[in-house]
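For reference, the structure discussed in these notes is given below.
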Amino acid sequence: MVKCMKIKTIFMGTPDFAVPILETLIKNTEVVLVVTQPDKLVGRKKEIKSSPVKIAALKNNIPVFQPLKIREDYEIIKEYNPDLIVTCAYGQILPKEVLDIPRLGAINVHASLLPKYRGGAPIHHAIINGDEKTGITIMYMDVGMDSGDIIEIREIPILETDNVEVLHDKLSRLGSELLNEVLPSIINKTNKRIKQNEAEVTYAPTIKREDEHLDFRLSAKEVYNKVRGLNSWPLANMILDGEEIKVIEGYIGENAHKPGEIVDIKKDALGISCKDQIFYITKIKPAGKKVMMVRDYLNGKSKESLLHKSVL
């Protein structure tokens, strides 16, 4: 697609998921400003870290605005007088005063099949819940959370081997491709505008610390889905001998009983009984250590010291 009538856009986004969306806008419009979350201090050395979207914007010589609270600090957006605002995983809810600025409206690129999974962690929840498909929704924004009219939806299957990292990258590319397709109709005001069915709304809240713990009283498939749905961030965990161990990968084995107990130890896997089957853990991250294969974790440990221990 060639540049669309030189329209002025403002892009709002923060994580690496949003970078391909910004790149599509740069190719097809005049991006006059990028809005992203403030820089953060990270690590023990408290180093300043900019968002991936800020880094991409500066690389393309685009001005960057980083308000702490956009509800209170948005006058600069008015000054740029954009034709269109596009958001993707920005991280703050826009007030009506901002939504009303662009003549073509404000649209959002969201990683779910709306009205399913409104909120901040739709990719995680889709995998954790064992969904067979997900996708991208491009929608008009309103004052609610992901509740505006739908412009276009594109589905993709969720594979048994997909984890959050893999599906994240697939959906990021899909969002960029779909935006590229629908931009002309948005600019020409010929796009579809479909109301969301409020009876079908579900939510995907941000993953909390307590959501990361594995419950081996559930089925092995549910445990497997949760491990995939939290890999590679923030990672599922279990407690063994009072120590938190991050669980990164595993597979489902044979039938079992005694949920929450280590019932089998292979040379490369810890077998933990779930409600119905054994879930074999193959890759972990013990507290304070690097990610390792279970075969390395088992080196120097006796089988008897681990067998029949509880991880509930």
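The structure presented is a predicted model; accordingly, all values stated were derived computationally and were not measured.
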Pair Thr14, Ser51: side-chain N/O donor-acceptor within cut-off below 3.5 Å: no
Plane angle bin for Tyr280 and Tyr251 - parallel if under 30°, tilted between 30 and 60°, otherwise perpendicular: parallel
Side-chain touch His124/Pro234, heavy atoms, less than 4.5 angstrom: yes
Arg295 atom CZ: more than 12 heavy-atom contacts under 6.0 Å: no
Test item: side-chain donor near acceptor, Arg228 and Asn225, under 3.5 Å: yes
Any donor-acceptor pair under 3.5 Å from Ser112 side chain to Pro122 backbone: no
His257, NE2 atom: more than 12 neighbouring heavy atoms under 6.0 Å: no
Side-chain donor-acceptor contact under 3.5 Å, Asn108 with Thr87: yes
Pair Asp39, Gln66: side-chain N/O donor-acceptor within cut-off below 3.5 Å: yes
Cluster check Ile138, Leu174: I/L/V/M/F/W/Y, side chain < 4.5 angstrom: yes
Candidate pair Ile262 and Leu240, rule side chain to side chain contact (heavy atoms under 4.5 Å, CB included), full reasoning: CA-CA 10 Å; Ile262 297 175; Leu240 177 59; 4.0 Å; yes
Modelled atom types, side-chain donor and acceptor of Glu165 and Ser232, under 3.5 Å: yes
